[in-house]
Structures are given as C-alpha cells and as structure tokens.
Amino acid sequence: MIRLEEILKQRWGYDSFRALQREAVETALSGRDSLVVLPTGGGKSLCYQLPAATGQGLVLVVSPLIALMDDQVAAAREAGLVADALHSNLEANHRNESYRRLLKGETELLYVSPERLLVGDLVETLASRVVLAAVDEAHCVSHWGHEFRPEYRQLAKVLERFPGAARMALTATATPAVQDDISAQLLLRDPARFIGHPDRPNLVYRAFGRRDQSAQVLDVVRRHGGEGGIVYAQTRSDVERLAAGLKKEGISSAPYHAGLPADQRRRAQDDFVNERLDVIVATIAFGMGIDRSNVRYVVHANAPRSVEHYQQESGRAGRDGLKAECVLLFAASDLVRHRGLALMNGPLAPERERAMERQLREIGRFAVAPLCRHRILAEHFGANYPLDGTQTACGACDVCLGETQCLPDDEAALTAKKILMAADRASGRFGTGYVAGLLLGIADERVKRNGHDKLDIFGALKEKSQMTLRSWIDQLIVQGFLKVVEEREYPLLSITQEGKVFCRDGGAARLSVPVSPPARAKKKPSALAQAAGAGLPPDQELFERLRRLRRLIAEKSGVPPYLVFHDAALVEMAALKPQTIEALRRVKGVGDHKLRRYGAAFVSVIGGAAPEALAGVKNGHA
Ligand code: ADP
Ligand code: ZN
C-alpha cells in the first residue's frame with residue numbers, strides 16, 4: 001500500500017491534497033480512465049506527476065503548450081522526478097540526453113507535444129512502459145471548446161497503442177457538452193469524472209464603470225507596488241498609451257502586443273516571468289505560456305468579449321493560491337467595438353451572431369449587475385455559489401464588500417425612466433454624452449439649437465455627475481432598455497422596445513453606484529499580510545531578502561523564481577523564521593529535494609545573512 005500523503009510531503013512539501021487530487025491520483029493508479037476539470041491553480045499537474053513518483057512506470061503527458069514544457073519539466077525535477085520533454089524546439093544535446101534516459105528506462109515523467117507523438121517511432125519505444133497517459137488542455141480536442149487543435153483529434157489512435165495505460169484528460173474549463181466531447185474523442189473508457197468547482201476563492205473581483213482609464217489603471221498598479229500584474233487593453237494603441245503612462249510614472253512595465261517585433265515580445269515575457277519586470281500591458285495576445293504563479297493582479301482596462309475570456313485572462317492572477325485582485329473597467333462602448341470587429345468582414349451566420357450577442361450581453365451583465373461577482377461567474381459555468389446555498393456575502397467582490405451599492409428599487413425605477421425618456425426624446429440621433437448632458441441640464445449650443453433645453457426631462461437629474469449618468473446609461477444598455485448603434489463611426493444611443501414598454505408601464509431596473517473612495521476602507525492589506533491569516537505576521541524585510549535570494553538562485557540555475565519556491569512558502573518562512581533545516585522542512589512547499597538544494601541558503605538568510613553572499617550555494621548540491 002503506497003502512502004500517498006507521504007509522497008506528497010516528501011516530494012512537494014505539501015501536507016494535504018487539494019480538492020479531487022487524491023481521487024484523481026488513486027483512480028490513475030488503479031488503472032481507470034478519468035476526466036479532470038479543475039480551475040486554474042487547482043493543482044492539475046500533481047494529478048499525473050504524483051503517480052510518476054510511485055515508481056510504477058512511465059507517465060506520459062501530452063501538452064500543446066511547448067513554451068511551458070521546459071518550465072514544467074524543471075518544476076517536476078524540483079520535486080526530484082526524472083522528467084524530460086520531447087518537442088520540436090529542443091536543442092540537439094538535450095534531445096540526446098532525454099532519449100538516453102528514456103531508452104535506459106530511467107524516465108519517470110515524459111512531456112510530449114501531440115505532433116511529436118504522432119510521428120510514430122516514439123510510440124514503439126514507449127509502448128510497454130507507459131502506465132498513465134495524461135492529455136493536458138484536453139478541451140483542445142473539442143470543436144465546442146475555445147481552442148480547437150486538429151492534431152488532438154488523432155490522439156485517440158495513438159492512445160490505443162498503450163492498451164495497458166490508464167488515460168487522464170485534464171482541462172481548466174469545460175461545459176458539460178465539452179466534457180462529453182472530450183470523453184468521446186479521446187475514447188475514454190468509462191471514465192471517472194472529477195469536476196471541480198469553478199470558483200477561485202483567493203481572487204477578489206472588482207468591476208467598475210470606466211471614467212478615466214489611465215488614472216483608474218494607475219490606481220490599481222500603485223496599490224500593488226513591486227508586485228507582478230497584467231493590464232489587458234483592447235487595441236494595440238490602447239496598450240501603447242497605457243504602457244507609456246505607467247513608464248512615465250516610473251513603474252517597471254512593458255507593452256506586449258502582436259504588432260511588436262518578436263524579440264521585443266520575447267524579452268518582455270521573459271523579464272516578466274523572471275520577475276525583472278512588474279507590469280505587462282498587453283492585448284489578449286499575451287497569456288498563453290505564462291505560468292508566473294505570483295501575478296497579484298489582472299486589470300482589464302476594457303471589457304473582454306466573453307465571460308469565458310474574462311475567466312481565462314483574469315484567472316492568470318493568484319495561481320499560487322494567495323490573494324490576488326481582478327479589476328474590470330467597463331464601458332458599453334467596449335461591446336460596440338467588439339461587435340464592430342466581429343462584423344468587420346461582413347455579416348456572421350445567424351447562429352454565430354446570436355452567440356456573439358449573448359456573449360456580449362453576459363460579459364456586460366457581469367460588469368454592471370450589482371450582484372456578487374463570484375456568484376455570477378460560478379453560475380455562468382453551471383455551478384452553485386456559494387456552495388452551501390447560503391446567501392452570505394463572499395467578502396471578495398466589490399458588491400459584497402460594499403464598494404458598489406444599489407439604488408433602492410423605487411428610486412432606481414424612477415431614475416431609469418428619466419434616462420430612458422431623455423434617450424427617447426433625443427430619438428436615436430445623439431450619443432451618450434449628449435443624452436447625459438440633457439439630464440444634467442447643460443444648455444450648450446447644440447442643445448439650444450435643437451430646442452432640447454425646453455424638454456421636460458432637461459435637467460431632470462441635474463444633481464448627479466456626468467460620470468454617474470454615463471455609468472447608468474451603460475447599465476441600462478446591458479439590461480436591454482437602451483442600445484447603441486454605430487452610424488458613420490459615431491455611436492448613437494436609442495431606446496429599445498423593452499425601454500419603451502418600461503416608460504409606458506413601469507417595471508424593474510437595477511442601478512448601482514460606486515461608493516465614493518473616501519468611504520471605503522483606505523488601506524487594503526497586502527497579499528502578504530493576508531496570507532499570514534491568523535498566524536504570525538510575516539516580517540516584510542525578511543520576505544524581501546528571501547525574494548532576493550530566490551531570484552539570485554533562479555538566475556544561476558536558469559529557472560523562473562517561482563520554481564525555486566512559491567511566494568506562499570517565502571511568506572511562511574518570513575513569519576515562522578525557521579532557524580534549522582529541520583524546522584524549514586515544516587514549511588509548506590519545501591520538499592526533500594528543494595531542502596537539499598536550497599535549505600542551507602534560506603536558513604542562513606533567515607538567520608540574518610545577506611542573500612548576495614550566498615549566491616553560489618546551489619552548486620554542488622544539484
Ligand atoms: P493548474 O495546472 O491546475 O493551474 P498547477 O498544477 O500549476 O495548477 O498548480 C497550481 C499551484 O498549486 C502550484 O503552485 C502547485 O505547486 C500548487 N499545489 C498543487 N497541489 C497542491 C497541494 N496539494 N497543496 C498545496 N499546493 C499545491
Ligand atoms: Zn461577492
């Protein structure tokens with residue numbers, strides 16, 4: 001009987017399994033197929049890496065993300081596994097080494113790209129030794145998923161050649177339809193399904209109306225001084241502008257988009273992963289292949305085009321399980337732009353267009369509905385939230401934290417009616433700013449010329465601000481009472497049929513306002529302070545010294561810092577201050593292998609030594 005907990009502690013330094021990990025590991029070891037759906041950061045790799053550590057045979061991992069493979073191999077080696085990767089980008093000497101270990105039967109864990117596996121010769125070599133064939137990013141096999149890859153369709157044929165091996169398909173997001181498709185396409189045999197809850201409890205979601213993009217982005221970045229973060233913007237020029245703004249404020253940052261030269265992009269990505277750079281400002285071109293685990297925040301300066309995209313992009317925050325923040329700055333014009341881009345090359349097929357409209361509506365609703373954001377996301381992916389069906393506040397979104405508040409129902413209905421009537425009077429010929437101006441009672445030239453200063457709704461909401469009115473108009477667009485149509489590049493606001501019915505018969509509308517910042521708790525504790533929880537507070541100065549040591553070691557061994565130790569481990573060290581190797585072993589994330597390699601150096605720094613004096617420690621222990 002293998003003691004799985006013992007292996008977990010010895011190799012990875014963890015005391016307990018995360019949800020469904022143990023079940024997935026046991027199923028694989030018993031030879032049964034499985035489908036594992038765990039959210040980003042849920043710990044999927046352990047599900048196939050731990051079986052490799054039991055010495056029962058070779059674990060094969062098929063993954064399309066070649067860019068990540070070397071880091072994954074490095075991570076597995078940090079746990080003391082004999083791990084290798086075979087893919088087209090390998091240097092010859094590495095490849096020969098890998099083959100040698102494979103032929104001698106030493107390899108415990110082998111990553112391959114689907115292309116490499118399909119070549120054929122490899123299958124022969126592996127056939128008798130594979131005990132588990134894991135297919136990562138398994139949603140790529142499905143047309144229904146969001147990243148279909150044709151090579152994945154041929155995997156089933158190869159898997160048939162390993163009759164004795166259990167199969168494990170893994171992915172972070174799969175609706176029930178995609179789950180069925182994965183299972184069918186990979187010919188999983190009566191698979192056990194381990195479907196995790198999609199919620200990421202360590203992420204704090206905030207969605208606000210966009211007022212001043214640069215200022216709002218800067219505000220978030222400043223709150224996270226010195227921490228890693230990603231800022232997503234919609235277009236290349238948005239990216240350039242925001243990145244330049246951050247640079248000017250002296251923030252360690254770089255732009256990233258598909259229009260930049262390849263080497264500049266590679267450098268930005270490399271610097272970010274290796275913590276030489278704090279902030280990346282990027283289009284959605286950035287992300288695939290980013291495994292930095294201590295990204296402390298993701299800001300969307302514009303709304304993405306679907307909730308799926310939002311989940312994936314914001315999900316790059318907090319993979320290490322420590323607190324991280326996801327901020328969405330929303331304006332309804334983002335959705336208009338997405339629609340424009342989608343229709344740029346002519347009309348879509350009706351069902352594609354309906355799907356797009358639904359996706360835009362859903363992301364809009366996520367951004368403006370004054371409902372718990374964790375709950376909206378969980379329900380979007382078909383799960384209940386909170387798990388136990390209670391109605392308690394999540395404590396981790398702007399709504400539950402009281403940063404966004406709803407107007408009372410009757411006030412909301414009355415206000416909505418005034419706004420809708422103003423839009424109706426302006427009869428679809430004017431933009432949001434103009435309609436807001438009418439309600440505020442601003443009698444400029446144009447308004448006077450149109451005689452709109454004589455309207456009954458002129459100045460009907462004059463005690464409000466322009467910003468509040470723009471946000472309410474966005475909220476009413478998302479609720480379907482107003483719509484924006486583009487005419488000659490100019491977005492015009494008009495009332496919908498539902499809006500007219502509302503004006504005539506009344507109804508329910510929801511309007512929210514951000515609570516002004518001074519009323520909010522001014523100081524937000526850092527991830528570091530929160531991570532300490534009820535235990536001892538970590539010593540900030542020591543934490544920074546440990547971070548420096550980690551970076552020096554990482555540079556020397558050519559791996560990203562998070563592979564040496566996660567932030568969580570450093571936080572615990574900075575709190576507990578273990579003075580001996582034995583004491584250090586009790587810190588979560590410190591396995592035997594890492595203890596041998598790095599233990600002495602970290603204990604010395606905890607004891608007061610300067611990291612720079614220990615830069616050479618790693619050598620000789622590897
Ligand atoms: P996924 O691939 O599901 O996004 P990973 O496999 O990269 O997630 O794991 C996410 C993080 O969680 C990693 O830093 C990993 O070391 C950590 N982790 C995995 N399992 C455990 C566990 N049982 N206890 C603590 N941390 C864990
Ligand atoms: Zn909430």
Side-chain angles (χ1 to χ4, degrees), residues 1-2 4 7 11 20-38 43-65 69 72-73 76 79 81-87 98-99 101-142 149 151-171 179 181-194:
M1 189 57 195
I2 313 167
L4 297 179
I7 300 180
R11 298 295 193 105
L20 301 175
Q21 281 179 328
R22 163 184 264 288
E23 291 81 348
V25 169
E26 282 174 345
T27 302
L29 290 174
S30 78
R32 183 174 169 193
D33 291 356
S34 58
L35 173 61
V36 179
V37 183
L38 288 177
K44 283 183 287 300
S45 17
L46 197 90
C47 298
Y48 53 78
Q49 289 188 350
L50 199 146
T54 60
Q56 304 198 341
L58 177 65
V59 172
L60 181 71
V61 187
V62 185
S63 166
L65 303 176
M69 266 187 204
Q72 284 168 334
V73 166
L81 285 171
V82 183
D84 275 304
L86 291 176
H87 55 75
S98 303
Y99 274 117
R101 277 189 288 269
L102 194 60
L103 293 175
K104 282 176 70 184
E106 293 170 359
T107 318
E108 294 169 312
L109 183 68
L110 182 69
Y111 285 88
V112 289
S113 59
E115 299 82 7
R116 182 63 195 85
L117 189 61
L118 292 172
V119 174
D121 61 312
L122 200 55
V123 175
E124 222 57 60
T125 318
L126 300 174
S128 61
R129 290 200 53 228
V130 180
V131 290
L132 173 64
V135 179
D136 207 359
E137 312 291 337
H139 59 276
C140 293
V141 80
S142 171
R149 289 181 188 245
E151 322 83 73
Y152 260 58
R153 279 287 160 103
Q154 299 171 49
L155 284 178
K157 227 172 39 209
V158 179
L159 295 178
E160 299 273 82
R161 311 265 305 268
F162 310 127
R167 297 173 196 170
M168 180 187 281
L170 306 104
T171 177
Q179 292 170 23
D181 206 21
I182 291 173
S183 182
Q185 296 296 338
L186 294 177
L187 302 177
L188 301 184
R189 300 149 297 191
D190 178 32
R193 291 195 185 201
F194 302 115

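For the numbers below, each heavy atom of this structure counts, side chains included, while hydrogens, waters and symmetry mates do not.
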Closest non-hydrogen atom pair between T27 and E23, with its separation: OG1-O, 2.7 Å
Separation of L38 CG from Q21 CD (nearest 0.5 Å): 7.5 Å
4.5 Å side-chain heavy-atom contact, T125 and L103: yes
Flag, side chain of R116 to backbone of L122, donor-acceptor distance under 3.5 Å: no
Heavy-atom closest pair, residues R11 and A53: NH2-O, 3.9 Å
Min side-chain heavy-atom separation L4-V25 under 4.5 Å: yes
Worked verdict on Q72 versus S45 for side-chain contact (heavy atoms from CB on, under 4.5 Å): CA-CA 9 Å; Q72 284 168 334; S45 17; 5.9 Å; no
Trace of the side-chain contact (heavy atoms from CB on, under 4.5 Å) decision for Y48 with D136: CA-CA 10 Å; Y48 53 78; D136 207 359; 3.6 Å; yes
Side chain to side chain, D181 and V141, heavy atoms closer than 4.5 Å: no
Close side-chain approach of H87 and E115, heavy atoms under 4.5 Å: no
Non-hydrogen atoms of V73 and A83 that approach each other most closely: CG1-O, 3.6 Å
4.5 Å side-chain heavy-atom contact, D84 and Y99: no
Nearest-0.5 Å distance, NZ of residue K44 to CZ of residue F194: 15.0 Å
S113 OG to M69 CE distance, which is reported to the nearest 0.5 Å: 5.0 Å
Backbone of S63 reached by a side-chain donor or acceptor of E137 within 3.5 Å: no
Side chains of L126 and L110 in contact at under 4.5 Å (non-hydrogen atoms): yes
Donor-acceptor contact present, side-chain T54 to main-chain P51, <3.5 Å: yes
L159 to L186 - nearest heavy-atom pair and separation: CD1-O, 4.1 Å
Between CG on residue L58 and CG on residue L102, distance to nearest 0.5 Å: 6.5 Å
Polar side-chain atom of R167 near backbone of R189 as donor-acceptor pair, under 3.5 Å: no
Heavy-atom pair with the smallest gap, counting every atom of S98 and L86: CB-CD2, 4.0 Å
pair L109-V61: side-chain heavy atoms closer than 4.5 Å: yes
Atom pair CG/OH of L118 and Y152 - distance to nearest 0.5 Å: 10.5 Å
Residue pair E108 / A52: nearest heavy atoms and the distance that separates them: O-CB, 3.5 Å
CG-CD1 distance between L188 and I182, expressed to the nearest 0.5 angstrom: 8.5 Å
Donor-acceptor under 3.5 Å (S183 side chain, Q179 main chain): no
